[in-house]
Amino acid sequence: MKETNKLLLIDGNSVAFRAFFALHQSLERFINHDGLHTNAIYGFKKMLDNILATVQPTHVLVAFDAGKQTFRTEKFAAYKQGRAKTPSELSEQFPFLKKMLSAYGIISYELTNYEADDIIGTLAAQAELQDFQVTIVTGDRDLTQLATTKTTVAVNQKGVSEIEKYTPAHVQEKYGLAPAQIVDLKGLIGDNSDNYPGVTKIGEKTGLRLLHQFGSIEGIYQNLDQLKPSKMKENLINEESTAFLCKDLAQIRRDAPIEIKMDQLKWDGPDLKSLREFYLAMDFRSFLRQMAVDGQFQDQQVTADQEQVTYQVLEQTKLASLPVVPAQVTFYLEMSGENYHNAEFAGFAIKVDDKFYVTRQTELLKQAPLKNWLENQETSVNLFDAKRTIIGLRRLGIHLQRVAFDLLLVSYLLDTSDNSNDLGKLAQQHDYYLVASDEEVYGKGTKYAIPSKDSRLFEHLCHKVRAIAELQQPLLAKLEANQQLELYLKIERPLTFVLAEMEIAGIKVDPQKLKMISSKLIEQLSDLEKAIYNEAGEEFNINSPKQLGVILFEKLKLPVIKKTKTGYSTAVGVLEKLRGMAPIVDHILKYRQLAKLQSTYIDGLLKVISAKDQKIHTRYTQTLTATGRLSSVDPNLQNIPIRLAEGRQIRQAFVPSHAGWKIFSSDYSQIELRVLAHISHDQNMQAAFKAGADIHASTARQIFGLADDAKVTANLRRQAKAVNFGIVYGISDYGLSQNVGISRQQAKKFIERYFEVFPGVHQYMQEIVKKAHAQGYVETLFKRRRYLPEIKSKNYNLRSFAERTAMNTPIQGSAADIIKVAMIRMQQALQANHLQAKMLLQVHDELIFEAPADEIPRLEELVPGIMDSAVDLEVPLKVESAYGDTWFEAK
DNA sequence: TTCATCACG
DNA sequence: ACGTACGTGATGAAA
């Protein structure tokens with residue numbers, strides 16, 4: 001059987017451009033020892049590996065543009081004129097890019113008078129005749145005109161890894177056109193970047209409409225009499241020759257005089273030796289290491305002295321010869337699996353002075369001197385992920401008390417958007433390449449396994465420890481340069497210990513209570529299911545949005561309100577609009593609500609109640625969110641239902657762990673708006689908080705122009721509340737209009753009025769965006785940073801998103817800072833006051849405790865007192881408390 | 001694995 | 001003419 005030939009054609013200029021701009025913000029990080037920029041080469045290589053692996057071509061060619069003069073400039077002198085000049089940082093990379101391709105064994109090709117597009121078009125046509133499957137890779141959508149049943153056009157999206165594949169069907173779906181009609185469209189609407197005009201006043205909308213009606217530019221001119229008289233028609237008549245010229249310019253040639261034969265494009269993989277030399281020249285250490293890991297240069301030990309680390313395998317008999325109280329150790333405890341509350345121990349490595357010790361026998365940690373190293377007050381311990389380590393060690397009976405450097409935590413503080421949890425990947429972000437990622441060593445998914453070969457595990461663990469030790473000084477220096485040392489030392493590092501205690505404590509959950517709720521739910525669900533099948537006239541999977549869509553919008557012919565990219569939307573908002581049109585809608589809504597409770601909160605929670613202590617031990621992720629909030633996983637205890645009565649019952653299952661104890665809860669009231677009042681210095685908003693007013697009602701009076709003592713209707717208060725929320729999120733008229741269910745114009749008026757009433761807020765919003773633009777990041781009250789590179793994007797959506805983020809992050813993030821400070825002080829206060837009460841949970845603006853009933857009166861003083869004095873703002877912080885026998889009652 | 005949906009602040 | 005409210009995590013379906 002003969003295998004199909006597969007030809008891969010790459011538009012070299014266009015992909016290099018994409019790669020260059022995708023990594024533009026890291027431009028200065030990608031410079032090799034000769035001062036050459038390498039970001040486009042790097043991105044190109046990533047894309048190339050990706051596409052080679054997915055396509056597995058038999059033949060490959062990369063086409064480049066030959067120069068400015070082409071047959072198109074002869075036909076139309078202004079073609080591609082006025083284009084910004086290629087930045088020198090990019091053009092210097094092209095010769096090296098071609099070098100790399102040659103090391104890959106791939107032909108680079110260019111042709112005088114023609115563009116890369118035409119080379120690709122011509123070769124694709126030839127290959128199709130020989131029954132090849134063709135894949136074209138480009139950053140330029142114009143090439144989609146080449147899509148056929150045999151040719152797929154893969155268009156690079158914003159990054160280098162995301163691609164969108166255009167088949168004729170996809171072109172049809174996207175534009176309602178056949179690929180061949182793309183040129184007619186370009187002829188009508190022109191192309192800004194290629195600098196040809198198209199027909200005046202015809203844009204994509206009109207162009208598509210005309211083509212759907214007449215099929216082609218020729219078709220339009222043959223049927224001009226069918227068009228009603230209009231300015232557009234006049235333009236069409238006046239600019240007929242332009243339309244045809246532009247169509248011709250857009251047409252990719254399929255008959256360029258190419259000398260090269262298909263056989264010459266045959267690809268048999270890279271020349272590893274040349275590739276290695278190339279990476280060395282480019283300083284692509286990660287790719288070199290990848291090659292080493294893949295065993296691609298076993299014959300050469302060039303990187304071996306760097307790669308290898310000398311270690312001793314630790315054994316019982318060696319313990320006695322170890323130092324007693326070293327000043328500093330670097331330690332890594334490995335477990336098999338994510339959940340450190342119960343994951344199996346896999347081994348540990350520890351560096352003391354310049355020696356590395358490693359073993360699988362974690363039991364050795366329980367003995368001297370190792371236990372003492374970790375527990376004494378004189379040795380500073382350097383780690384990666386202190387919380388994981390603290391909890392792991394606690395399971396071995398070891399109380400780690402002092403952490404000097406936590407690589408994971410420090411790295412997160414330096415850049416909250418770079419939140420990988422993998423030591424190897426994270427080290428790379430800091431230009432350290434001598435440690436592999438866990439995925440590389442352990443595999444992932446079903447293949448995940450701790451290596452059985454000692455040397456493989458031991459090397460990896462020692463590499464990790466070495467990375468922590470090596471990165472300590474430079475990263476702490478960066479923290480200091482950012483003025484973030486205090487954030488680390490006074491907030492995040494102590495918080496790690498607080499969170500560890502909360503996680504270890506866990507919260508008791510009564511499975512019987514959950515099962516009681518469940519039996520009622522199951523009954524209701526079965527009734528609803530019957531009603532829905534009856535109303536639909538058939539049985540189907542109600543949980544499948546796809547099947548549900550068919551029933552609602554095809555069988556029952558309900559109007560389509562919104563579409564998702566895969567089909568009809570059946571989200572709540574849509575169903576609510578369909579309410580009253582058919583009884584099935586209400587039943588589906590109810591079914592959804594209850595099914596969610598059953599699957600996520602009944603079945604989900606039952607699964608994670610520990611058999612040992614009947615408790616749930618969540619894990620708080622301290623190094624994930626871009627704003628500085630915590631998140632909670634496995635299970636998420638920060639989204640237990642409360643808004644609807646049915647779901648709220650779940651909270652009845654959360655109980656104290658001792659008889660006679662209570663659940664106690666305190667939450668900040670309107671903390672985000674108070675933070676906003678503080679950082680914006682808005683006098684009016686501050687006055688409202690100082691007066692202890694109902695802020696949403698007060699906002700309503702002001703923006704709707706009511707008297708100070710006027711009664712505010714529920715509806716006006718609701719609208720004002722939505723505006724307040726919108727302000728915190730970085731307002732847009734569209735978002736507000738959707739949320740409140742008013743017109744966009746109306747929403748816009750509300751916002752304008754809001755900014756008139758709260759001019760300080762208005763000014764803050766403008767200034768924070770300006771500041772983000774100028775410095776590239778925004779900060780919270782305690783100097784937590786979030787970088788917003790996209791604020792400089794030319795893409796409206798990306799830029800707008802970054803702008804809203806700039807407005808929101810200091811607010812959300814400062815609120816997160818504040819409760820973190822409160823948590824640290826809270827833990828200290830409970831200890832200092834010798835209370836048995838334990839802090840168990842944090843839900844962003846709320847702390848939940850369990851305590852003996854007789855401690856409740858003291859907590860009612862202590863907790864709010866600590867929370868509202870955590871920081872000194874220009875407005876007071878308000879805290880509300882409640883308690884009861886279960887979490888349900890503590891509200 | 002990715003998508004749509006829905007739970008929380 | 002565009003298409004958005006900010007921050008999360010878990011689930012079931014479908015590829």
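In the text below, chain A, chain B and the rest are named by the order of the sequence lines, each starting its count at 1.
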When both distances are under 3.5 Å in a Watson-Crick or G-U wobble arrangement, the nucleotide paired with C:dA1 is none
Report the distance from atom CG of A:Asn639 to atom C1' of C:dT11, rounded to the nearest whole Å.
11 Å
Heavy-atom count around A:Lys555 NZ within 6.0 Å, excluding the residue itself: above 12?
yes
Does A:Asn543 reach a base, just sugar-phosphate, or nothing at all? Heavy atoms under 4.0 Å.
sugar-phosphate
Of the candidate nucleotides C:dT4, C:dA5, B:dG9, which contains the atom at the shortest distance from the side chain of A:Ala722?
C:dA5
Under 4.0 angstrom, heavy atoms only, what part of the nucleic acid is A:Asn541 near: base, sugar-phosphate, or nothing?
sugar-phosphate
Polar side-chain contact A:Arg744-C:dG3 base: donor and acceptor under 3.5 Å
yes
Which nucleotide in the set B:dT5, B:dG9, B:dC6 lies at the smallest distance from any side-chain heavy atom of A:Thr570?
B:dT5
Are A:Tyr734 and the base of C:dT4 stacked, counting only ring centres nearer than 5.5 Å and planes tilted under 30°?
yes
Could you tell me whether A:Leu624 contacts a base, only the sugar-phosphate backbone, or nothing, with contacts defined as non-hydrogen atoms closer than 4.0 Å?
sugar-phosphate
Any donor-acceptor pair, under 3.5 Å, between the side chain of A:Gln638 and the base of B:dC8, if you only look at N and O atoms?
no
Base C:dT4 paired with A:Arg804 side chain (donor-acceptor, <3.5 Å)
yes
When you check the gap from the basic side-chain N to the acidic O, do A:Asp817 and A:Arg784 get nearer than 4.0 Å?
yes
Between C:dG9, B:dA7, C:dA5, which nucleotide has the shortest distance from any of its atoms to the side chain of A:Asn739?
C:dA5
Side-chain donor/acceptor of A:Tyr796 to base of C:dG3, under 3.5 Å
yes
Tell me which of A:Pro635 and A:Arg629 sits closer to the 5' end of DNA chain C, going by the nucleotide each one is nearest to.
A:Arg629
